[in-house]
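Encoded as structure tokens, the structure appears first; notes follow it.
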Amino acid sequence: MTHDPSHRAWRVGDDVDTDQLAPGAYMKFGIDEIARHCLQGVRPEFAAGVAAGDVLVAGRNFGIGSSREQAAAALVHLGVAAVIAPNFNGLYFRNAFNVGLLLVTCERATEIEEGESVTLDLPGRRVLRANGDALPCAEVPGFLLDMVRAGGLMNLLQRRLAEGSLARHPLRA
């Protein structure tokens with residue numbers, strides 16, 4: 001995932017919950033409307049200003065709260081390339097990859113500055129900062145990268161079923 005040379009970083013703090021990402025008041029609407037309100041409580045300008053390929057850099061406990069899949073889908077809909085954070089809520093982690101959102105676990109993520117250009121070097125297990133620093137990150141297993149590349153679990157399964165390769169490519173590590 002280093003084909004996009006750099007990504008502009010948007011910063012949020014610790015404990016960003018699923019209600020911030022997909023506000024409950026908009027859950028009765030489709031993903032277009034939900035995404036328009038993504039992070040409005042902590043970054044009101046985010047949904048209108050984020051560009052395809054940008055990354056969201058967060059503090060600890062990203063994605064805590066409910067199990068709403070729309071919390072990850074809103075970021076995908078807005079074109080966010082990845083979320084980089086020291087850790088993620090387990091349910092959010094599962095939902096994110098299921099909808100094709102890349103999560104990068106990076107203990108030193110909070111060193112990345114607002115607006116900074118970063119490069120994701122997933123094979124090297126690091127995020128490269130504009131100042132030359134390389135922040136070590138956890139490995140993203142290949143089966144999860146396959147989901148991201150396919151645009152989510154359902155797309156991956158449909159593709160493998162059409163290829164007749166589902167039995168040859170099980171979805172386990």
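Keep in mind that this is a model prediction, so the values were computed, not measured.
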Starting at [atom1] of [X], measure out to [atom2] of [Y] and round the result to the nearest 0.5 Å.
X      : Y      : atom1 : atom2 : value
Leu128 : Asp133 : CG    : CG    : 10.0 Å
Trp10  : Asp54  : CH2   : CG    : 7.0 Å
Phe62  : Asn87  : CZ    : CG    : 11.5 Å
Glu45  : Leu39  : CD    : CG    : 9.5 Å
Ser67  : Gln70  : OG    : CD    : 9.0 Å
Arg36  : Phe29  : CZ    : CZ    : 10.0 Å

Test your reading of the model: is there a side-chain donor-acceptor pair from [X] to the backbone of [Y], 3.5 Å cut-off?
X      : Y      : value
His7   : Gly53  : yes
Asn98  : Leu153 : no
Thr18  : Ala71  : no
Arg68  : Ala22  : yes
Glu116 : Ala130 : yes
Glu114 : Arg11  : yes

Are [X] and [Y] packed together at the side-chain level, in the sense that at least one heavy-atom pair is separated by less than 4.5 angstrom?
X      : Y      : answer
Leu120 : Val127 : yes
Tyr92  : Ile64  : no
Phe46  : Val80  : yes
Leu135 : Ile84  : no
Val57  : Val118 : no
Pro136 : Arg108 : yes
Asp146 : Arg149 : yes

Verify the neighbour count for atom [atom1] of [X]: are there more than 12 heavy atoms of other residues, nucleotides or ligands below 6.0 Å?
X     : atom1 : value
Arg43 : CZ    : yes
Arg94 : CZ    : no
Met27 : CE    : yes

In terms of the angle between their ring planes, are Phe93 and Phe88 parallel, tilted or perpendicular, with boundaries placed at 30° and 60°?
tilted
Heavy atoms only: give me the nearest [X]-[Y] pair and the separation to one decimal.
X      : Y     : result
Val104 : Ala82 : CG2-CB, 4.5 Å
Gln20  : Gly41 : OE1-CA, 3.4 Å
Thr110 : Ala58 : CG2-O, 4.1 Å
Gly59  : Ala85 : O-CB, 3.6 Å
Leu101 : Ala72 : CD2-O, 4.0 Å
Asp19  : Gly24 : OD1-N, 2.8 Å

Presence of salt bridge, Arg160 and Glu163, under 4.0 angstrom
no
If two hydrophobic side chains count as joined below 4.5 Å and joins carry through other members, does Leu145 share a cluster with Leu103?
yes
Would you say Val76 and Val16 are hydrophobically clustered, going by side-chain heavy atoms of ILVMFWY under 4.5 Å?
yes
Between Asn61 and Asp14, do the side chains contain a donor N or O and an acceptor N or O under 3.5 Å apart?
no
